[in-house]
Number of protein chains: 2
Amino acid sequence: MTETAALSTEKLTETLKILHDPTRLLLMKLLIEKEYCVCELVDMFEVSQPAISQHLRKYKKAGLVYEERRGQWRYYRFNETCEQHALVEKILGQLDENDEQLVKLRTKAESITC
Amino acid sequence: MTETAALSTEKLTETLKILHDPTRLLLMKLLIEKEYCVCELVDMFEVSQPAISQHLRKYKKAGLVYEERRGQWRYYRFNETCEQHALVEKILGQLDENDEQLVKLRTKAESITC
DNA sequence: GCTTTATATAACAATTTGCTTATATACTAG
DNA sequence: CTAGTATATAAGCAAATTGTTATATAAAGC
């Protein structure tokens, strides 16, 4: 299990602010499991490409994800060494694995090739 | 330790939205430990009485707190039977006990009589 | 070089948030 | 009944949020 970090009020609320949006919460649920490139995420979520990029930028700014360029693609994945690691894991661990939106996303994920 | 509940994306994000505000996060940190009446909270936090009432209303609407009238006072406390119980405990458990704002609040709490 | 593809950034609109001040409600004490 | 205290609610406002469309940037292939 993840160890517990002691976060400041500021850091803690900043992280909750990032995860409180449904799109970003589900995005993080995916990124914590494996890396994705932006175009895969755009195909999975029902929002525009700029919207996805903007969400990812927030994550990156908060130190929650890594970005890696490979060719013309940019891959994003969860930063397991971040200070908020334990918090994020605990929050996402509360999400119902059978949640309709999550299940739908995972189904889409299977059929996507970028 | 608290057991884990499976929350929907909606319920989970709703709860994060409530806790992402610094005032409300700290408010909940207090309410999870013991009950407070509104005037005690007003004295402790540096916001107006209506601001506190409005925060408490959000909590109540989300089922996170109980409200009990006794005389002219209204006492609020955490609702331990709510669906989001485990989530809230886990989030608040990540807050540094030595966090400046929290310590300051606890100090004030000691000297307040309503 | 030009074109296509992947992604980021800018600019903007609609909505939501979190406070404030002003006011209403309700209980208590005389 | 009246005055005071505790609390809620309403109205208004500035700032933040989240999406959109339009445009810029950068790599890949010809």
Side-chain angles (χ1 to χ4, degrees), chain A residues 9-28 30-31 35-62 64-77 101 105 109 112-114, chain B residues 9-10 12-31 35-62 64-77 101 105 109 112-114:
Chain A
T9 295
E10 207 187 358
K11 201 75 186 172
L12 184 45
T13 53
E14 178 200 278
T15 311
L16 299 179
K17 211 163 170 176
I18 288 184
L19 291 173
H20 88 228
D21 175 75
T23 303
R24 276 200 301 270
L25 183 91
L26 291 166
L27 203 48
M28 184 55 85
L30 298 179
L31 292 176
E35 66 171 22
Y36 285 90
C37 73
V38 181
C39 58
E40 289 175 308
L41 298 169
V42 171
D43 284 349
M44 291 163 65
F45 287 85
E46 278 160 5
V47 290
S48 64
Q49 173 268 315
I52 295 290
S53 279
Q54 282 156 24
H55 286 314
L56 291 168
R57 184 164 54 174
K58 285 199 181 181
Y59 277 142
K60 206 178 143 194
K61 198 178 164 201
L64 289 169
V65 300
Y66 283 125
E67 181 207 31
E68 198 186 314
R69 287 165 105 119
R70 291 211 292 277
Q72 48 191 153
W73 296 275
R74 298 205 192 182
Y75 289 86
Y76 285 88
R77 66 179 193 280
Q101 292 185 64
L105 263 184
I112 278 170
T113 29
C114 193
Chain B
T9 296
E10 208 186 357
L12 185 44
T13 52
E14 179 201 277
T15 311
L16 299 179
K17 212 164 168 176
I18 288 185
L19 291 172
H20 88 228
D21 175 75
T23 303
R24 276 200 301 270
L25 184 92
L26 291 165
L27 202 46
M28 183 55 84
K29 183 75 178 176
L30 298 179
L31 293 176
E35 65 171 22
Y36 286 89
C37 73
V38 181
C39 59
E40 289 174 309
L41 298 170
V42 171
D43 285 348
M44 292 163 67
F45 287 86
E46 280 159 5
V47 290
S48 65
Q49 173 268 314
I52 295 290
S53 280
Q54 283 157 22
H55 287 315
L56 292 167
R57 184 164 55 173
K58 286 199 183 184
Y59 277 143
K60 207 178 142 197
K61 199 179 164 202
L64 288 168
V65 299
Y66 282 125
E67 180 207 31
E68 198 185 313
R69 288 164 103 119
R70 289 211 292 278
Q72 46 191 153
W73 296 276
R74 298 205 191 181
Y75 289 86
Y76 285 87
R77 67 177 192 282
Q101 293 186 64
L105 263 185
I112 279 171
T113 28
C114 192

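Just so we're on the same page: letters track the sequence lines, and every chain starts at 1.
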When we call it a touch if two heavy atoms are under 4.0 Å apart, what does B/K58 touch: a base, just sugar-phosphate, or nothing?
sugar-phosphate
Mind running a 4.0 Å heavy-atom check of residues 67-76 of chain A against DNA chain D and sending the residues that fall below it, in number order?
A/R69, A/G71, A/Q72
Least distance between heavy atoms, B/M44 atom then B/I112 atom:
CG-CD1, 3.2 Å
In residues 12-24 of chain A, what residues come within less than 4.0 Å of DNA chain D, judged by heavy atoms?
A/K17, A/H20, A/D21, A/T23, A/R24
What is the 5' to 3' range of DNA chain D, first to last nucleotide, that sits under 4.0 Å from any heavy atom of chain A?
D/dT17 to D/dA28
So CD of A/Q72 and SG of A/C37: to nearest 0.5 Å the spacing works out to 10.0 Å
Whole Å only: how far is the CG atom of A/L56 from the P atom of C/dA6?
16 Å
Using the salt bridge (Lys or Arg N to Asp or Glu O under 4.0 Å) rule, pick out the option among A/R74, A/R57, A/K61 that qualifies with A/E67.
A/R74
To the nearest 0.5 angstrom, please state how far the CD atom of B/E35 sits from the CH2 atom of B/W73.
13.0 Å
I would like to know whether A/K11 and A/E14 meet side-chain contact (heavy atoms from CB on, under 4.5 Å); could you show each step before the answer?
CA-CA 5 Å; A/K11 201 75 186 172; A/E14 178 200 278; 4.0 Å; yes
A/H20 and B/T13: which non-hydrogen atoms are nearest, and at how many Å?
O-CB, 3.1 Å
Tell me the interatomic distance from B/I52, atom CD1, to C/dC19, atom C1', rounded to whole angstroms.
11 Å
Option from A/L25, A/T23, A/L19 for which side chain to side chain contact (heavy atoms under 4.5 Å, CB included) with A/D21 holds
A/T23
Not counting sequence neighbours, which residues clear side chain to side chain donor-acceptor pair (under 3.5 Å) with A/R77? List them please.
A/E68
Expressed as a whole number of angstroms, how long is the span from A/Q54:CD to C/dC12:P?
15 Å
Hits for ring pair (Phe, Tyr, Trp, His ring centres under 6.0 Å) against B/H55, two or more places apart or cross-chain, chain-then-number order -> none
Over all heavy atoms of both residues, which pair between A/F45 and A/L30 is shortest? Give the atoms and the distance, please.
CE1-CD1, 3.9 Å
Could you check whether the side chain of B/Q49 and the base of C/dT21 have a donor-acceptor pair of N or O atoms closer than 3.5 Å, going by distance alone?
no
Evaluation steps, side-chain contact (heavy atoms from CB on, under 4.5 Å), between A/L27 and A/Y76
CA-CA 10 Å; A/L27 203 48; A/Y76 285 88; over 6 Å; no
So which of residues 37-44 of chain A are in contact with DNA chain D, with a heavy-atom cut-off of under 4.0 Å?
none
Residues A/R24 and A/I18: closest non-hydrogen pair is NE-O, 2.7 Å
Of all heavy-atom pairs linking B/L64 and B/M28, the shortest is CB-CE, 3.9 Å
Report yes if at least one side-chain N or O of B/S48 is closer than 4.0 Å to OP1 or OP2 of C/dC19; otherwise report no.
no
